[in-house]
Amino acid sequence: MINSIINVFKGWWHKMFDYNKIANDFGLDMQTSKDMLDAFQKWADIFNQHEPWIDDNTTSLHVAKTICEKVSKAVTIEYKSICNEPYINSVYQKFLRNKRKNTEYMIGKSCIFFKPYYNGKNIDVSVIQADKFIPVKFSDDGRLLGCIIIDQITKGMNVYTRLEYSELNENQMTTKNIAYQGRKDGVILERKIDLHSVDKWKNIDEINTIEGIDRLIGGFASMNNANTIDNSSPVGMPIYYNAIDTLKEIDKQYSRTLWEFEGTELAIDVDMSTMQPVENGMFKLPPRKKRLFRKLNFDETKDKTYNIFSPEIRDTSLFNGLNELLRQAENECGIAYGTLSKMDEIAKTATEIKSSKQDYYVTVSDIQLSLQNAFDDLIYGIYVLCKLYGIAVKTDYTVEHDWDDSILVDKTEARNQALIERNADITSDVQYIIETRNMKEKDAIEFVKKQKEYRKITEEKEETPPEEE
């Protein structure tokens with residue numbers, strides 16, 4: 001019952017959010033369907049561990065959240081990126097501190113938007129998750145051209161909402177803001193209000209334009225899988241979307257397992273006659289754990305005053321079933337076997353393991369490419385705002401991205417192979433350092449040079465005899 005109430009309450013925001021009103025107030029023809037907009041909220045519920053199939057009889061393992069955590073680590077574990085423009089790089093590196101967490105939001109809710117803005121002194125970056133973001137317009141190749149960002153303030157039962165719509169048209173981006181007041185228990189966008197009547201928004205322009213740009217200000221990243229809710233939408237689906245039915249079964253199976261442990265707890269059924277009577281017709285249990293004893297009236301014709309309840313537990317078969325469901329979810333999500341399931345309990349061929357690693361590599365690579373494009377667009381947006389607000393930056397900046405491929409390539413095996421090739425004079429010292437220490441060629445040459453000089457100095461010291469007294 002409690003879970004049902006929570007599900008009703010947490011759905012208030014999107015159930016009373018009028019998308020048609022938004023489109024009319026901005027005069028938009030949205031390319032993103034209402035089904036997709038509703039899906040963003042459902043996916044956010046699953047990611048935030050409010051799975052719609054959870055009830056009083058079902059306990060969740062929250063596997064969807066776990067998948068997002070593990071994959072985001074694999075995507076960003078050794079990611080390094082740098083911009084050669086000092087000020088832009090300072091803003092960029094501050095943003096990258098949360099790269100793993102932001103990646104988790106993206107793959108768990110399908111998309112994310114990184115919006116740079118001027119705070120009055122410097123450039124900052126705001127991260128807009130999918131449930132506070134409405135993609136409106138796309139180019140033919142899937143590039144984001146228009147979007148609405150949702151900003152909300154709640155005071156008691158009152159809800160204040162600011163909608164910011166930005167659209168790129170040729171080389172000009174126009175931004176328009178509309179503010180509303182509503183109630184949690186009523187209509188969220190009940191009536192328009194003056195944008196500047198809310199203290200937080202008093203310095204925001206209702207309409208603003210930026211000219212001379214070739215893309216929307218901000219970086220948009222989305223999952224790269226096919227959209228089965230709206231085939232025309234370039235926005236992808238959360239990484240766990242294909243496994244949602246399996247996730248339901250996983251939670252059911254997990255709940256069965258918990259019930260099996262509870263239902264097979266040792267208990268002793270004792271006849272009422274063995275109990276010590278106390279006041280009010282009640283009986284006192286023996287001085288042991290109360291949950292161990294259960295009072296019963298045995299058949300008086302039988303010479304028996306107690307019975308030990310200790311059935312055989314079926315945990316092995318239940319856990320095997322749970323593990324098989326986890327393995328199925330891994331396959332549906334395109335991640336490697338063993339990410340969720342226990343490898344030692346399921347016999348797998350080398351071909352199966354290699355295939356699952358390759359699937360995982362493709363999944364991770366797709367996410368990395370989407371994020372890299374978004375990061376490039378974010379840096380461009382930071383550069384544009386620097387120019388707009390008079391922050392001195394270099395025009396000819398460059399950006400480097402360095403991702404890791406350890407999901408597909410075993411590092412120990414790769415290092416051993418590189419050493420064999422070096423010892424056989426197939427490769428050079430420099431190539432060995434490049435492959436095993438993740439260095440650029442210039443740095444590897446310098447490293448090898450210094451090591452040779454150090455070795456020469458050490459050898460000369462060892463060969464010099466000590467001076468005689």
Side-chain angles (χ1 to χ4, degrees), residues 10-11 13-48 50-53 64 67-68 71 102-115 127-150 163-169 188-189 215-216 218-248 329 332-334 362-363 366-367 369-371 373-374 377:
K10 68 184 175 59
W13 185 87
H14 63 271
K15 285 183 178 179
M16 291 181 281
F17 209 91
D18 191 342
Y19 298 111
N20 292 326
K21 179 176 178 59
I22 296 173
N24 291 333
D25 287 351
F26 281 109
L28 301 177
D29 181 15
M30 289 202 221
Q31 293 182 10
T32 302
S33 66
K34 187 177 184 303
D35 288 341
M36 271 299 297
L37 298 177
D38 288 340
F40 287 147
Q41 300 304 319
K42 294 175 183 177
W43 298 335
D45 287 343
I46 293 174
F47 176 83
N48 290 324
H50 300 304
E51 295 86 346
W53 55 83
I67 292 170
C68 296
V71 174
N102 291 333
T103 300
E104 189 176 331
Y105 289 137
M106 190 273 276
I107 63 181
K109 298 184 181 183
S110 80
C111 64
I112 201 165
F113 187 69
F114 309 125
K115 179 182 179 292
V127 177
I128 315 299
Q129 299 175 35
D131 50 335
K132 295 292 185 180
F133 175 77
I134 304 175
V136 174
K137 184 179 178 182
F138 294 92
S139 64
D140 292 338
D141 61 355
R143 181 177 284 271
L144 184 68
L145 298 178
C147 65
I148 295 174
I149 293 172
I150 303 166
L163 302 182
E164 177 184 290
Y165 174 61
S166 298
E167 179 181 353
L168 183 69
N169 189 6
I188 299 300
L189 307 181
R215 69 195 83 169
L216 206 64
F220 175 68
S222 172
M223 291 295 289
N224 199 36
N225 47 11
N227 191 318
T228 57
I229 294 177
D230 183 353
N231 293 160
S232 65
S233 174
V235 180
M237 320 288 272
I239 190 170
Y240 54 79
Y241 181 76
N242 288 339
I244 285 180
D245 287 341
T246 304
L247 298 182
K248 295 178 186 178
E332 291 167 334
C333 295
V362 171
T363 299
D366 283 346
I367 296 170
L369 179 59
S370 181
L371 287 171
N373 291 335
D377 288 344

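Please read all numbers here as calculations on a predicted model, not as lab measurements.
In plain terms, the two heavy atoms of Asp131 and Ala44 that are nearest each other are OD2-CB, 3.6 Å. Closest non-hydrogen pair, Leu371 versus Ala221, comes out as CD2-CB, 4.0 Å. The two atoms that bring Ile239 and Cys68 nearest to each other are CG2-SG, 4.2 Å, heavy atoms only. Between Gly142 and Pro234, the shortest heavy-atom contact is CA-CB, 4.1 Å.
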Criterion side chain to side chain contact (heavy atoms under 4.5 Å, CB included) on Val127 and Phe113, from CA distance to verdict: CA-CA 6 Å; Val127 177; Phe113 187 69; over 6 Å; no
Ser139 vs Asp141, side chain to side chain donor-acceptor pair (under 3.5 Å): CA-CA, chis, key distance, verdict: CA-CA 5 Å; Ser139 64; Asp141 61 355; 2.2 Å; yes
Step-by-step ring-ring contact (aromatic ring centres under 6.0 Å, His included) determination, Tyr240 to Phe47: CA-CA 10 Å; Tyr240 54 79; Phe47 176 83; 7.8 Å; no
Steps toward ring-ring contact (aromatic ring centres under 6.0 Å, His included) verdict (Phe133, Phe40): CA-CA 9 Å; Phe133 175 77; Phe40 287 147; 7.7 Å; no
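Rounding to the nearest 0.5 angstrom, the gap separating the CD1 atom in Ile46 from the NZ atom in Lys42 is 9.5 Å. Distance check, rounded to the nearest 0.5 Å: CD1 of Ile128 to CD1 of Ile134 gives 12.0 Å. Atoms CG and CZ, from Asp377 and Phe220 in turn, are 11.0 Å apart once rounded to the nearest 0.5 Å. Atoms CG and OG, from Asn231 and Ser33 in turn, are 10.0 Å apart once rounded to the nearest 0.5 Å. Note that CE of Met106 and CD1 of Ile367 are 5.5 Å apart. Values are rounded to the nearest 0.5 Å. How far CH2 of Trp43 is from SG of Cys111: 8.0 Å, rounded to the nearest 0.5 Å.
With Thr246 contributing its side chain and Ala329 its backbone, the two residues share no donor-acceptor pair below 3.5 Å. Between the side chain of Ser110 and the main chain of Pro238, no donor-acceptor pair closer than 3.5 Å is present.
Salt-bridge formation is detected for the pair Asp38/Lys34: a Lys NZ or Arg NE/NH1/NH2 atom is positioned less than 4.0 Å from an Asp or Glu carboxylate oxygen. Using a 4.0 Å cut-off between a side-chain N of Lys or Arg and a carboxylate O of Asp or Glu, Lys115 and Glu164 qualify as a salt bridge.
Within the 4.5 Å cutoff, side-chain heavy atoms of Met36 are placed close to those of Asn227. Using a 4.5 Å cut-off on side-chain heavy atoms (C-beta onward), Tyr241 and Thr228 make contact. The shortest side-chain heavy-atom distance between Pro135 and Thr32 falls under the 4.5 Å cut-off. Under the 4.5 Å side-chain criterion, counting only non-hydrogen atoms from C-beta, Met223 is not in contact with Met237. For the pair Phe138 and Leu145, the minimum side-chain heavy-atom distance is 4.5 Å or more. Side-chain contact check for Cys147 versus Leu216: some heavy-atom pair is nearer than 4.5 Å. Using a 4.5 Å heavy-atom cutoff, the side chains of Leu163 and Ile149 are not in contact. With a 4.5 Å cut-off on side-chain heavy atoms, Leu247 and Trp53 count as touching.
For Glu332, the salt bridge (charged side-chain N to carboxylate O under 4.0 Å, His left out) criterion is met by no residue, not counting sequence neighbours. Judged as a side-chain hydrogen bond (donor to acceptor under 3.5 Å, both in side chains), and not counting sequence neighbours, the contacts of Ser232 are Asp230.
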Let me check something: any side-chain donor-acceptor pairs from residues 21-30 under 3.5 Å, sequence neighbours excluded? List them with distances.
unit_1, atom_1, unit_2, atom_2, d
Asn24, ND2, Asn20, O, 3.2
Asp25, OD2, Tyr180, OH, 2.6

